[in-house]
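All values below come from the heavy atoms of this structure, side chains included, with hydrogens, waters and symmetry mates left out. Every number for a ligand or one of its atoms is a count from 1 in the order of the listing. Since we're looking at a predicted model, the values are computed, not measured.
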Amino acid sequence: MLYMGCLRGGSTSAVRLMPPTRRALLGGAGTALLGGAASTLCGPGARARPAAKPAGFGPVGPPAWTSDSLQAAAARTGLTYGCEVPHYRLDMAAYRRAVARECGMLVCGTAMKMEVVLAQPGIEDFGPGDATLRFARANGQRMRGHTLVWHNALPDWVQPLLARSGPAQAEAFLRRWIGAAAGHWRGTIEAWDVVNEVLAIGDAVQRPDGLRETPWLASLGPGYIDLAFRILHEVDPGAAGTWNEDAVEQDVPWMEARRTRVLRRLEGMLARGVPIRRFGLQSHLTSTLPIDQERLRRFLAEIGGLGLGIEITELDFDDRAFPSDIAARDRGVTDMARRYLDVVCAEKAVLNVVTWDIYDPDTWLNDHPNRKRPDGLPQRALPLDAGFARKPLWHAFHKAFRDAPDHGAHRDRLRRG
Ligand code: 9MR
């Protein structure tokens, strides 16, 4: 509704294209999207208006993780271990038990993305995100927010509207969206992935700044990244703003070039006073490429040296270069994991290690055309197997956490900002 009005109607009037939803009529964040003079919402000076504090997501309960869990081992060094959770999985008792037992932090796979929250124009659906947040809080777990600005997971109706909008309308839309999502969950999210995958890859690297061509870049120009961080800071100053990026972990020249771009951009953002507090390495590691521990160590240390925190946000292991034999495959995967985690856990700026889901059947790697195994077998990418038993990879994580130096004091300081 108002979103469409902003984009379609230019700067003068908000066009209500649909009747108000029950949620909007009853109050809450939806009201903020309907009310108010259109000129204050759609003009260049439009401010993100955080929603009124929601009714609440329940008290933070005592930690549910067990003393022999990944989280318990990580916490000893000031790290937090967590995983991505598809919201529908919370209907499955065994899944709930596994996640409560192992994790100190959760992140939604899709529930906090625009594709779910704004699937239909004028209707905000916070339900799946709220349910995950309630579950996390009841189990004493923290939440990451994923993700505010991404070229994927845009609802069908948003892309064409962004394409037709000028910078003022696009900025107003961005403010409304971040105001709605980060405003709704304000005070409950440790860190938001403010921008996700902003660097182009391969032949798509066309611009000198290396930015990916996206609807956000097209409508707002390269300043959209700084702007998004500033908006989040206005809406929820307690949430750390994270730049989450992929393909910066392994030892190939094109990833080294991306690491250099990351460092230069981070320096620029800090020099411009952008309120960024963390950098996230997605860490979808692949067995087809090597890991150079020294290069990785240097990269993490340089980010830490800028005063930023670091998060491992989507860790998993694509085992497609390893043999079909399960024992041999697990040896390959655990070896990669140890090489990676030993460096990661030794860097004091690293705060969170989050895997993309926790049990093998859920990994996205089985569905992706470029990631599937050539033998058609399911990937062994995650710490738990299909029966939620702890795999050799779980033991590799546990040992890496146990053997890691204690950087608790430094990590606590970085978390506080
Ligand atoms: O795993 C997520 C999948 O369920 C969603 O359909 C998809 C689109 O929203 O996003 C997947 O998660 C991606 C993440 O948001 C960003 N990095 C890559 C992840 C795997 O594709």
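Nearest protein heavy-atom contact of atom 1 (O) of ligand 1 is W356 NE1, 2.9 Å. Nearest protein heavy-atom neighbour of atom 4 (O) of ligand 1: T110 CG2, 4.0 Å. Closest protein heavy atom to atom 19 (C) of ligand 1: E314 OE1, 3.5 Å. Scanning all protein heavy atoms for the shortest distance to atom 9 (O) of ligand 1 gives E115 OE2, 2.5 Å. When only non-hydrogen protein atoms are considered, atom 21 (O) of ligand 1 lies nearest to W364 CE3, 3.6 Å.
Summarising the local packing, NE2 of H233 is surrounded by 12 or fewer heavy atoms from other residues, nucleotides or ligands at distances under 6.0 Å. Sparse packing is recorded around CG of D156, with 12 or fewer heavy atoms of other residues, nucleotides or ligands lying under 6.0 Å away. Counting heavy-atom neighbours within 6.0 Å of K348 NZ, excluding the residue itself, gives a total of 12 or less.
Of the N or O atoms in E197, one or more lie within a sub-3.5 Å distance of an N or O in ligand 1.
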Going through the checks in order, is the side-chain contact (heavy atoms from CB on, under 4.5 Å) test met by D362 and Y95?
CA-CA 11 Å; D362 272 357; Y95 191 94; 3.7 Å; yes
For F279 and I303, run side-chain contact (heavy atoms from CB on, under 4.5 Å): C-alpha distance rounded to whole Å, both residues' side-chain angles, the deciding distance at 0.1 Å, then the answer.
CA-CA 8 Å; F279 181 78; I303 299 173; 3.7 Å; yes
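Per-residue contacts place A153 under 4.0 angstrom from the following atoms of ligand 1 (heavy atoms of the residue considered): 9 (O). Close approach of ligand 1 to N196 is summarised as follows: ligand atoms under 4.0 Å from at least one heavy atom of the residue are 16 (C). Taking a cut-off of under 4.0 Å to the non-hydrogen atoms of K113, the atoms of ligand 1 that pass are 7 (C), 8 (C), 9 (O), 10 (O), 11 (C), 12 (O), 14 (C), 15 (O).
The residue from D335, D375, D319, D360 that alone fulfils the salt bridge (Lys or Arg N to Asp or Glu O under 4.0 Å) condition with R329 is D319.
Here E347 does not pair with R298 in a salt bridge; the nearest charged N to carboxylate O distance is not below 4.0 Å.
With a heavy-atom cut-off of 4.0 Å, H146 touches ligand 1 through its side chain alone.
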